[in-house]
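Keep in mind that the numbers below use all heavy atoms, side chains included, and drop hydrogens, waters and symmetry copies.
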Amino acid sequence: MTESPHFKKLARWLDMESKAEDDRFRERLENQSMKDIEKNGDGLGALVIREEDSTVGDIILLTLTLADPNQRLPWTRLRVGTPIVIAKDDGQKKVEPLGKGLISKLRDNSIQIALQESEEELFESSKDRFRIDPSPNDVSMRRQREALIAAEGAKGPFKNLTQVLLGEREPGFSVLKKPRTYSVPLNENQQKAIEMALSAEHFSIIHGPPGTGKTTTVVELIRQAVAGGLSVLACAPSHTAVDNLLAGLADEDFEVVRLGHPARVTESLRDLSLTALVADHSDVKIAKKLRREARDLRSKASKWSRNKPEKGEKRQLWREAKELMHEARQLERQASDSILDTARVLCSTLTGLNDRIIRDREYDIVVIDEACQSVEPACWIPLKRSHRVIFAGDHLQLPPTIISPEAEREGFSISLPERLIAHYGAEKVSTRLTVQYRMNEAIMEFPSIELYDGELVAAESAAHRKLVDLEHVQESPLTNEVAVFVDTAGAGWDEVLDEQSRSNPEEGERIALAVQALLDTGLKAEEMAVITPYSAQVRWLRERLSGVQNLEIDTVDGFQGREKEAIFISLVRSNDRSDIGFLSDVRRMNVALTRARRKVYVLGDSATIGGFPFYKNMLEYFDSLNSYQTVWD
């Protein structure tokens, strides 16, 4: 497909990943029972349709629940924006999909899907049960492959950028006059990151460790770019990350447009989606009238039966209808073009960039937020539209999820910013944000020492915050302590292998007691979360704590980018082999520890994890705080 060794390697990894996705999808639908699928969090079954609605563009929205609408849905890996298929859940081994779409909302007891195509059979009976399974995203894969081909054949400024990103020539930086004013208060490093980004001739990286205001910095960068007369294409791997940028720009006095399926856009921001803006355009109101006229003509042409029309009259009606539909499409395209032409900022997911809609538009600068959570080929999709790019993210948090084990082993999970930092050196191409505004300094200090060269500093507003400072929380040792490690070594609380995942019921029971103890102090369930590396432990905890409304329980991976006042972490691994599985990727623990604002409570087996330097240091750190306990304390 490509001649460049690097692009050839990326293309091969894409093919491996695509095959792994297809194989998993086919295996799930053809061979796995719904019970096993739900157990692994890979789908949902026994659902009934509760509501049917539609949105802009006549997209069908279906809300589904379990038979008891108040019953909580099983834990699932499905997320908003996940492409899905819906099918009858009738106990048959082989499943025939009835419709394709994506998840538009996900609640504790309901799931809403937006159908792009479906069969009428979906609505035959209110007694039917349905299942939802994730499906391979063929469009995403195709766009990534096309992006690699475009980069291979790059010319002009895009070729220069490509050569820099491949390490074939040095990145350039111009002398920049500092912005006179910033729209929001920024610390020194945040300002430095923006100044470096605006002076970059090819690329720069904003390295944002947890809680350091990365998104605030990126939004201000975009404001400064627009103020300087630049147009911006702002992207991110996920819809949530894109909407976080969009929310920061929503009230600006320049035009901001969100590209993408309206069902994937946060409800409060849908008025900024291209689909909604086009629907409200005066040209489209005329187009709707033309479409109605075309349908009337088609209806008239097809109703003649007894009375024979004049020769050629039926064909003429069809021709007129076709011309009206063509005119309507032209008006809709003109409206879309008009809106895109006036937009100073276009926001989109990386793989949501649609050449058919954007056409050959170029932008002065591309900004990719959460770039370290994306595979490299996806980052190349927007790059053909500019010769300057700013990456923002943290390569020391979790990397993109890779399904193909072979592709992951070979390096597919290494993000583009991570590769560039390794090649050029962090000081040359990136600015690290160092003031964090989320965590008590006792929570922050260990990740700072282990992963960020001890550079993180807690802002005064965060440094000493505790649960006891919340007005509705009672004072007690539980609400005064900030960081706690409870050691289960010697208790015999061994992990349990559950097919592809692991659980630890005894550990889960202790977590449940700790949660209840904090609830008794007045802390609200929605102010805390329980996270764990293993999906089987998530399922166990959700069942055990099913009576606690509004308590979030999820995998570490699923909780990345989130925060709560208190976080409980169940490490699960406890065995006589010192086998810690993917806990060996310390980025997962970095994410887990840094979700907490005022308290972090970790439960684990020191005998199992203590042989690994990172965890040995972690245990010593908790001990230095006098925060190390055992299950017998």
Side-chain angles (χ1 to χ4, degrees), residues 36 38-42 74-77 397-398 401 446-447 483-516 528-546 548 551-560 562 564 566-596 599-619 622 627-632:
D36 288 339
E38 282 194 333
K39 204 172 184 181
N40 294 325
D42 291 329
W75 174 79
T76 176
R77 301 178 197 273
Q397 294 188 61
L398 286 171
T401 300
F446 175 70
V484 180
F485 181 89
V486 179
D487 192 355
T488 69
W493 294 2
D494 292 342
E495 66 194 59
V496 177
L497 180 60
D498 182 4
E499 296 184 9
Q500 297 181 350
S501 188
R502 297 172 192 272
S503 63
N504 192 315
E506 289 90 352
E507 218 176 83
E509 187 62 37
R510 178 55 67 94
I511 289 281
L513 293 173
V515 167
Q516 186 58 53
M528 62 179 91
V530 182
I531 58 178
T532 175
Y534 292 94
S535 59
Q537 186 75 340
V538 170
R539 288 194 303 274
W540 193 96
L541 286 162
R542 280 175 67 101
E543 291 175 8
R544 171 63 178 81
L545 291 163
S546 59
V548 182
L551 175 67
E552 289 194 60
I553 303 172
D554 207 341
T555 59
V556 176
D557 301 51
F559 209 76
Q560 181 162 248
R562 307 283 309 288
K564 292 285 185 178
I567 292 289
F568 298 88
I569 305 171
S570 172
L571 297 185
V572 174
R573 299 310 294 257
S574 178
N575 55 70
D576 57 10
R577 306 178 305 282
S578 295
D579 179 8
I580 64 171
F582 56 57
L583 280 182
S584 59
D585 186 343
V586 299
R587 292 174 295 185
R588 184 164 279 106
M589 198 61 195
N590 181 32
V591 170
L593 291 170
T594 56
R595 301 309 92 201
K599 178 166 183 167
V600 62
Y601 178 103
V602 186
L603 194 66
D605 182 352
S606 65
T608 300
I609 66 174
F612 296 81
F614 176 90
Y615 292 101
K616 177 178 179 290
N617 294 341
M618 184 182 79
L619 294 169
F622 276 100
S627 297
Y628 173 88
Q629 304 173 10
T630 73
V631 292
W632 295 283

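Applying side-chain contact (heavy atoms from CB on, under 4.5 Å) to D557 and the options I531, L398, V591 leaves one that passes, L398.
Ring geometry for Y628 against F485 counts as parallel: the plane angle stays under 30°, on a 0 to 90° scale with 60° as the upper cut.
Here the closest heavy-atom approach between residue D579 and residue T608 is recorded as O-CG2, 3.8 Å. Between R588 and P533, the shortest heavy-atom distance links the atoms CD-CB, 4.0 Å. Nearest heavy-atom pair, T594 versus N590, reported as atom, atom and distance to 0.1 Å: OG1-O, 2.7 Å.
Within the 4.5 Å cutoff, the side chain of W540 has no heavy atoms near those of the Y534 side chain.
Applying the ring pair (Phe, Tyr, Trp, His ring centres under 6.0 Å) criterion to F614, with sequence neighbours excluded, gives F446. Annotation: side-chain contact (heavy atoms from CB on, under 4.5 Å) contacts of A514 (sequence neighbours excluded): F568, Y601.
Taking the charged nitrogens against the carboxylate oxygens, R573 and D605 have no contact shorter than 4.0 Å, which rules out a salt bridge.
N504 contributes a side-chain N or O that, together with a main-chain N or O of W493, makes up a donor-acceptor pair within less than 3.5 Å. When atom types are taken as modelled, the side chain of T488 and the backbone of A491 share no donor-acceptor pair closer than 3.5 angstrom.
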Worked verdict on T532 versus L571 for side chain to side chain contact (heavy atoms under 4.5 Å, CB included): CA-CA 6 Å; T532 175; L571 297 185; over 6 Å; no
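In the model, W75 has a side-chain atom that pairs as donor or acceptor with a side-chain atom of D554 under 3.5 Å.
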